[in-house]
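Contents: one structure, followed by commentary.
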Number of protein chains: 2
Amino acid sequence: MTAKRILIVEDEKPIRDLVAFGLRRAGYEVSEAEDCRSARASLVDQRPDLMLVDWMLPDMSGLELTRSLKRDKETEDIPVIMLTARAEEQDKVGGLEGGADDYVTKPFSPRELLARIQAVMRRASPAGGEDVLEFEGLRLDDSSHRVSAGDAEVALGPTEYRLLHFFMTHPERVFGRGQLLDRVWGGSTYVEERTVDVHIRRLRRALEPFALDRLVQTVRGSGYRFSAREG
Amino acid sequence: MTAKRILIVEDEKPIRDLVAFGLRRAGYEVSEAEDCRSARASLVDQRPDLMLVDWMLPDMSGLELTRSLKRDKETEDIPVIMLTARAEEQDKVGGLEGGADDYVTKPFSPRELLARIQAVMRRASPAGGEDVLEFEGLRLDDSSHRVSAGDAEVALGPTEYRLLHFFMTHPERVFGRGQLLDRVWGGSTYVEERTVDVHIRRLRRALEPFALDRLVQTVRGSGYRFSAREG
DNA sequence: CCCGGATGTGACAGAACGGTGACGGACCCT
DNA sequence: AGGGTCCGTCACCGTTCTGTCACATCCGGG
């Protein structure tokens, strides 16, 4: 596997340099941006595997940047770690709610940062590299974000897509609603667990025309399972 | 779902009280310990779903407690959140490396603490690879939550599943009804002991079609045993 | 062989659980 | 602003599960 790419978005040069230095030494490929505009530019040609985003930026708050990234299909699954100087929980929780995968409070040590980065990356890439997943005639092409059954297109909302993607990369295994929230919605969301049911329902409905809703199975008292075998 | 149990290990009473109060108000069932020794005692009878462990404790550092918990099979998957005084990040990373699932820096707000707790609980038990139990042609795959005999699926209710799982991990041993209630139903439930009989019956009935009900044996006057040998 | 306590078993009512449609709000595109 | 999409929550409902009871049955001791 090639070196992981990390994009740092931070306006204060000393900090940026320090972090970049530490990360390069740890074997990452690092690019830098000092505001949101140039960050977006960098995103186009070098799709980073992870982003470090400062809270305070000259043109736009890092929180907003993160939010907009998480809204875009193209960038939504780039993990983001927020860097914040403010210690108030208000900001912390806000950062998490904004879609950041984690946050680190300044001042931080390189060691802590590295630990966070590794943790977030691990969480973000559960299975290896296949771009096209296939299962019982159901095809999911991750590069084009398309799902098809036979030769018909399956229309899915963003959440249903992520849910199906997660299931297809983790078949034959039961996941509790909480685990699904953690791994499909993202570790830092808090929504009702029953919300999962609703999205399961939506996914099933989308698969119904192809009689593939049977793949999404309920395990009463435990959660859901994606499997070809009936059960 | 029954209320989640949280064990607080913290020597400073004011803080402990405050946290306990907040958590109870949030609907958790809270027990408290002021040092590692009594924490261990509490672990025995009330298996908590999550622990909050202070960094500095009178008898032993919270880090060590966490480490030792994570080394023990019996307790390794109880999530731990460390509480640390506004200290060096060195400690933070140490806390994570020691096996803690997260940490919160004092002073912290109830909101932050709750957010962390929920996140950690959701993440709990992402356990790794295969864990398949096999016994006399009876297979129980815990990760997919399936039970099969030969190539046929065995249909079990949640409680029967847990019961069988417990038996298969503790074969050749007699358990009294009380012990089974403790370990299968969970320490803090109150039900009649005869309830066990009924579920034993249900489990046996499910295994009957495969002539495997013989594995669930009655030991008159003592309880039940899961064993291949007759008698 | 009979008795008494222990266990097996079917039935049942209430609780728990999951399925589902609807709704209002946030956001996006025009 | 208007229409559309998606999302999270809720309320309601049928189904499944659970704990308990009552009665049948079994077993060992006297």
Side-chain angles (χ1 to χ4, degrees), chain A residues 63-64 66-76 94 97-99 145 147 154-164 174-178 180-182 184-186 188-208 213-214 216-225 231, chain B residues 1-4 118 122 145 147 154-164 174-178 180-182 184-186 188-208 213-225 231:
Chain A
L63 177 58
E64 283 180 77
T66 303
R67 262 215 186 100
S68 71
L69 290 178
K70 292 298 181 184
R71 263 203 302 271
D72 187 342
K73 266 215 162 62
E74 204 60 43
T75 54
E76 66 177 352
E97 284 171 352
H145 263 243
V147 179
V154 180
L156 293 179
T159 305
E160 284 71 57
Y161 178 87
R162 269 178 290 138
L163 187 54
L164 178 60
V174 174
F175 295 94
R177 293 173 174 70
L180 290 173
L181 281 181
D182 193 35
V184 176
W185 272 251
S188 40
T189 349
Y190 185 63
V191 293
E192 294 292 320
E193 296 208 334
R194 289 302 304 275
T195 298
V196 174
D197 298 31
V198 177
H199 284 274
I200 287 281
R201 158 68 175 153
R202 288 167 181 163
L203 175 56
R204 278 176 176 156
R205 178 182 287 168
L207 296 176
E208 228 168 78
D213 52 319
R214 67 192 169 81
V216 181
Q217 301 165 356
T218 305
V219 179
R220 187 172 239 270
S222 300
Y224 295 95
R225 172 180 55 203
Chain B
M1 183 188 301
T2 75
K4 295 286 190 179
Q118 286 162 355
R122 267 188 269 131
H145 215 271
V147 180
V154 180
L156 295 179
T159 305
E160 285 70 59
Y161 179 89
R162 268 179 289 134
L163 187 54
L164 178 59
V174 178
F175 295 95
R177 292 173 175 70
L180 289 173
L181 281 181
D182 244 27
V184 177
W185 271 252
S188 52
T189 2
Y190 175 65
V191 291
E192 295 289 323
E193 294 210 334
R194 288 302 307 276
T195 298
V196 174
D197 298 31
V198 178
H199 284 276
I200 287 283
R201 156 67 175 154
R202 288 169 180 161
L203 175 56
R204 279 175 175 157
R205 178 184 289 168
L207 296 176
E208 230 167 76
D213 53 318
R214 66 192 169 82
L215 298 178
V216 181
Q217 300 164 358
T218 305
V219 180
R220 194 183 173 80
S222 303
Y224 297 95
R225 172 179 52 203

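Please read all numbers here as calculations on a predicted model, not as lab measurements.
Taking each heavy atom of A:S222 and B:H145 in turn, the nearest pair found is OG-NE2, 3.1 Å. The two residues A:A206 and A:L156 make their nearest non-hydrogen contact at CB-CD2, 3.4 Å.
Computed from coordinates, the A:I200 CD1 to C:dG21 P distance equals 15 Å when rounded to whole Å. Residue A:L156 contributes atom CG, which lies 10 Å from atom P of D:dC6 at whole-angstrom precision. In this entry the distance linking CZ of B:R204 with P of C:dG10 reads 13 Å, nearest Å. Distance, B:R201 CZ to D:dT25 P: 14 Å, rounded to whole Å. Distance, A:L163 CG to D:dC6 C1': 15 Å, rounded to whole Å. Atoms CZ (B:R205) and C1' (D:dC17) sit 13 Å apart, rounded to a whole Å. Atom-to-atom, CG of A:L203 to P of C:dT20 comes out at 13 Å; the value is rounded to the nearest Å. As a whole-Å value, the separation of B:R177 CZ from C:dG5 C1' is 12 Å.
Of the two residues contacting DNA chain C, namely B:G221 and A:T218, the nearest-nucleotide position lying further toward the 5' end is that of B:G221.
Results of the side-chain hydrogen bond (donor to acceptor under 3.5 Å, both in side chains) test with B:H199 over B:R204, B:E160, B:R162 single out B:E160 as the only residue that passes.
Here B:Y190 contributes atom OH and B:L181 contributes atom CG; the two are 10.0 Å apart, rounded to the nearest 0.5 Å. Note that CH2 of A:W185 and CG of A:L163 are 5.5 Å apart. Values are rounded to the nearest 0.5 Å.
In this structure, the side chain of A:R225 does not engage the main chain of A:V219 through any donor-acceptor pair within 3.5 Å.
An OP1 or OP2 oxygen of C:dC17 is reached within less than 4.0 angstrom by no side-chain nitrogen or oxygen of A:Y224.
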Polar pairs (N or O, both sides) under 3.5 Å between protein and nucleotides 7-14 of chain D?
unit_1	atom_1	unit_2	atom_2	d
D:dC7	OP1	A:T159	N	2.7
D:dC7	OP1	A:T159	OG1	2.3
D:dC7	OP2	A:E160	OE1	3.4
D:dC7	O5'	A:T159	OG1	3.3
D:dG8	OP1	A:W185	NE1	3.2
D:dG8	OP2	A:W185	NE1	3.4
D:dG8	OP2	A:H199	NE2	2.7
D:dG8	O6	A:R202	NH2	2.6
D:dT9	OP2	A:E192	N	2.7
D:dT9	OP2	A:T195	OG1	2.7

